[in-house]
Amino acid sequence: MSTPDPIGVGIDALGVYLPRYVLPLERLAAARDVPAEKITVGLGAHAMAVTPPWEDTVTLAVNAAAPLFARGEVRRDEIGLLVLGTETAVDHAKPASIFVHELLGLPASCRTFEVKHACYGGTAGVLLAADWVRSPASRGRKALVLASDIARYELGSSAEFTQGAGAAAMVVSAAPRLLRLDPATGVHASSVWDFWRPLDRREALVDGKFSLDCYLDALTGALADWRTARNGDGAGPLLERFAAFLYHTPFPKMAHKAHARLVAGEDGDADARAHAFERSYAERVDPWLALARQSGNTYTASLWLALAWMAEQHASALEERDVALFSYGSGSCAEFFTGRFPTGSAAAAGAIGARALLAGRREVDVAEYEALLRDGPRGGTPPAGYGGVCHLAEVRDHKRVYRSEAWAA
Ligand code: HMG
């Protein structure tokens with residue numbers, strides 16, 4: 001078995017999933033007596049995904065990954081590592097990943113575990129999986145990394161408008177068809193109380209305005225470390241170097257603020273930077289935010305859903321171009337890293353199904369949304385054609401009972 005080219009390793013296939021209930025945020029704004037423009041313009045958010053009683057972190061993850069097997073993009077016996085990044089785990093001890101392992105029918109020889117570091121957990125999983133693929137431990141096998149979350153805050157709080165739910169599934173391999181990942185990355189870790197969720201709470205606690213500063217300072221720190229990691233090649237302007245910038249998106253306006261922070265570190269006078277920012281944001285950031293505007297914060301999955309949208313809608317213009325990605329997890333750990341779309345990636349991206357996620361969702365009203373959040377994922381029977389292959393049937397004696405439909409091997 002030959003050693004993989006370190007800069008050749010990356011994402012071979014991407015699966016995505018959103019629950020099929022959606023709350024238009026103008027409805028929530030009206031109910032909370034908040035001007036709609038504060039949400040649609042001030043935060044840039046239009047709708048948030050809401051989970052029905054039969055969906056939880058496990059089912060979202062399985063429903064994101066199952067199509068990859070059904071479409072024949074990867075075989076079960078090729079997977080030697082399964083990592084699930086989430087901050088909304090279903091048990092304090094039994095990891096969500098082992099339910100997913102069973103429901104997807106993965107081999108017993110597949111190393112399986114869950115990772116938590118707020119929204120950074122999915123990125124931690126992908127970058128760790130890439131290093132595993134590069135190492136002899138992988139024995140030429142592939143890794144499956146899942147990022148799955150249900151974002152919850154206190155009803156009536158200003159953070160309520162930044163909830164959401166969704167999942168992404170990434171197959172990491174030595175010969176990726178979608179995105180090659182450069183192993184030189186920049187990290188910034190720092191213990192801060194910007195966002196946390198005590199063990200007995202379903203809703204996160206947050207110091208909202210402070211969390212924005214923490215995010216932006218982590219971007220500055222991760223960028224500085226990335227320049228060091230690039231060993232001289234990290235010097236110079238970034239704006240023209242990357243065809244796209246993807247940021248963790250708790251709400252779309254955050255990506256705007258992040259890009260402004262990145263541009264503030266570029267050379268040139270203030271006027272030149274302001275002009276460059278407007279053009280660069282419009283061409284290289286805003287187009288990838290469409291899914292986030294309609295799903296809300298999907299925590300660990302946010303960055304990867306943005307990548308999925310970008311790859312599916314725009315990959316033909318991005319082949320052999322470099323893109324920059326920034327992941328932030330409160331608490332905090334952040335990473336700035338880069339990748340390149342290989343020749344042929346547009347064809348591989350065509351099957352992702354990101355746009356299809358937005359079709360056929362059922363709008364809920366505020367009363368229904370409040371009832372769904374109050375009861376949480378307690379199990380139930382989904383209607384036919386609800387979009388997934390797996391659901392939570394019930395929770396009995398603190399044990400979760402999942403049911404999955406048959407899907408192609
Ligand atoms: P808020 O109280 O709604 O904030 O909370 P605001 O009063 O500052 O208003 C927001 C924006 O709307 C402002 O724009 C206002 O000017 C504007 P900005 O000045 O920032 O550009 N505005 C209006 N615009 C148009 N028409 C109007 C109007 N009124 C005001 N009439 C906050 C916002 C984000 C703080 C809150 O929703 C929150 O706490 N959310 C949760 C925390 C969060 O998302 N933090 C993001 C960074 S941390 C992160 O990303 C990690 C995270 O994903 C968790 C993890 O890692 O696991 C959260």
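Just so it is clear, the values below take in all heavy atoms, side chains as well, and ignore hydrogens, waters and symmetry mates.
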For the pair [X] and [Y], find out whether any cationic side-chain nitrogen is under 4.0 Å from an anionic carboxylate oxygen.
X: Asp194; Y: Lys209; value: no
X: Arg273; Y: Glu266; value: no
X: Glu203; Y: Arg197; value: no
X: Glu368; Y: Arg362; value: yes
X: Asp5; Y: Arg134; value: no
X: Glu154; Y: Arg201; value: yes
X: Arg32; Y: Glu370; value: yes
X: Glu87; Y: Arg152; value: no
X: Arg261; Y: Asp217; value: yes
X: Asp286; Y: Arg293; value: yes
X: Glu114; Y: Lys94; value: no
X: Lys38; Y: Glu26; value: no

Has Arg202 got more than 12 heavy atoms of other residues, nucleotides or ligands less than 6.0 Å from its CZ?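 For Arg202, atom CZ is crowded (more than 12 foreign heavy atoms under 6.0 Å).
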Using a cut-off of 6.0 Å, state whether more than 12 heavy atoms not belonging to Asp375 lie near its atom CG.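 Yes - once you tally the heavy atoms of other residues, nucleotides and ligands closer than 6.0 Å, there are more than 12.
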Using 0.5 Å steps for rounding, measure from the [atom1] atom of [X] to the [atom2] atom of [Y].
X: Leu262; Y: Leu239; atom1: CG; atom2: CG; result: 6.5 Å
X: Asp182; Y: Asp233; atom1: CG; atom2: CG; result: 8.5 Å
X: Leu179; Y: Met310; atom1: CG; atom2: CE; result: 7.0 Å
X: Leu246; Y: Ser302; atom1: CG; atom2: OG; result: 9.5 Å
X: Ser332; Y: Tyr120; atom1: OG; atom2: OH; result: 11.0 Å

Grab the two heavy atoms, one from Ala311 and one from Ala349, that are nearest each other, plus how far apart they are.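 Closest pair (atom of Ala311, atom of Ala349, distance): O-CB, 3.2 Å.
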Please walk me through it: do Leu144 and Val74 pass side chain to side chain contact (heavy atoms under 4.5 Å, CB included)? CA-CA 10 Å; Leu144 177 63; Val74 65; over 6 Å; no
Is the terminal nitrogen or CZ of Arg76 (NZ for Lys, CZ for Arg) located under 6.0 angstrom from the six-membered ring centre of Phe69 and within 45° of that ring's axis?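 Verdict for Phe69: a cation-pi partner in Arg76.
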Tyr386 six-ring face occupied by Arg20 cation (under 6.0 Å, within 45°):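 That pair does not qualify as a cation-pi contact.
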Side chains of [X] and [Y]: donor-acceptor distance under 3.5 Å anywhere?
X: Thr88; Y: Thr57; value: yes
X: Ser327; Y: Glu335; value: no
X: Arg400; Y: Tyr402; value: yes
X: Thr300; Y: Asp149; value: yes

Would you please indicate yes or no on a ring centroid separation below 6.0 angstrom for His314 and Trp288?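 Yes, close enough.
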Mind running side-chain hydrogen bond (donor to acceptor under 3.5 Å, both in side chains) on Tyr299 and Gln163 for me, showing each step along the way? CA-CA 9 Å; Tyr299 286 167; Gln163 299 174 112; over 6 Å; no
Does the plane of the ring in His259 sit parallel, tilted or perpendicular to the ring in Tyr247? Use 30° and 60° as the thresholds.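 Judged by the thresholds at 30° and 60°, the geometry between His259 and Tyr247 is perpendicular.
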Phe326 vs Phe336 aromatic rings, parallel, tilted or perpendicular, using cut-offs 30° and 60°?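 Rings of Phe326 and Phe336: tilted, 30 to 60°.
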Please assess Glu240 against Arg284 for the test salt bridge (Lys or Arg N to Asp or Glu O under 4.0 Å), listing each intermediate value before the final yes or no. CA-CA 10 Å; Glu240 293 307 318; Arg284 300 179 189 204; 3.4 Å; yes
